[in-house]
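Both backbone and side-chain heavy atoms feed into the values below; hydrogens, waters and symmetry mates do not. Everything numeric in this text was worked out from a predicted model, so none of it was measured.
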Amino acid sequence: EVDSGLLLESKVIMEDDVYQRQGDTIVSWNEPYSRQDLALSFAEATGCQDIWEKLCAVRGVDPATAGQGEEEPSPPSQTYALPAIDAGSLNQILEFLTDLSPFM
């Protein structure tokens with residue numbers, strides 16, 4: 001039996017375009033503050049569509065055109081050279097990768 005009053009987790013819906021619909025059964029998004037990629041996977045497409053429409057309604061966007069996730073990402077506009085990998089450079093590489101924004 002499912003208790004429909006049980007709340008497992010609560011999150012604030014962001015207005016930014018961080019949400020994507022991937023296929024018929026997945027809604028994914030990026031948490032900008034934690035830099036985590038998250039996703040909801042649904043067993044049935046109708047459940048995914050219902051949640052997608054509610055998410056879009058709260059954000060005030062058209063669910064038919066919002067975040068379809070089908071476009072290929074554009075190549076990075078800038079490249080970075082890492083130092084040669086050896087025991088002495090691992091801290092420098094770690095610092096560089098930690099500071100690198102996932103939105104670059």
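Transitive grouping of hydrophobic side chains (ILVMFWY, heavy atoms separated by less than 4.5 Å) brings Leu38 and Val27 into a common cluster.
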Return all side-chain donor-acceptor pairs below 3.5 angstrom for residues 40-48, not counting sequence neighbours, or 'none' if the list is empty.
none

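Annotation for Pro63 and Cys56: closest pair CA-SG, 3.6 Å, computed over non-hydrogen atoms.
Taking the side-chain contact (heavy atoms from CB on, under 4.5 Å) definition, one finds that Ile85 meets it with Leu90, Ile93, sequence neighbours left out. Annotation: side-chain contact (heavy atoms from CB on, under 4.5 Å) contacts of Ala87 (sequence neighbours excluded): none. Remark: Asp37 pairs with Asn30 by the side-chain hydrogen bond (donor to acceptor under 3.5 Å, both in side chains) rule, at least two apart or across chains.
We find the CD-CH2 distance between Gln20 and Trp52 to be 8.0 Å, quoted to the nearest 0.5 Å. Rounding to the nearest 0.5 Å gives a distance of 8.0 Å between CZ of Arg21 and CD of Glu53.
Within 6.0 Å of the CG atom in Asp50, the count of heavy atoms belonging to other residues, nucleotides or ligands exceeds 12.
Residue pairs meeting the side-chain hydrogen bond (donor to acceptor under 3.5 Å, both in side chains) criterion with at least one member in residues 81-93, sequence neighbours excluded: Asp86-Ser89.
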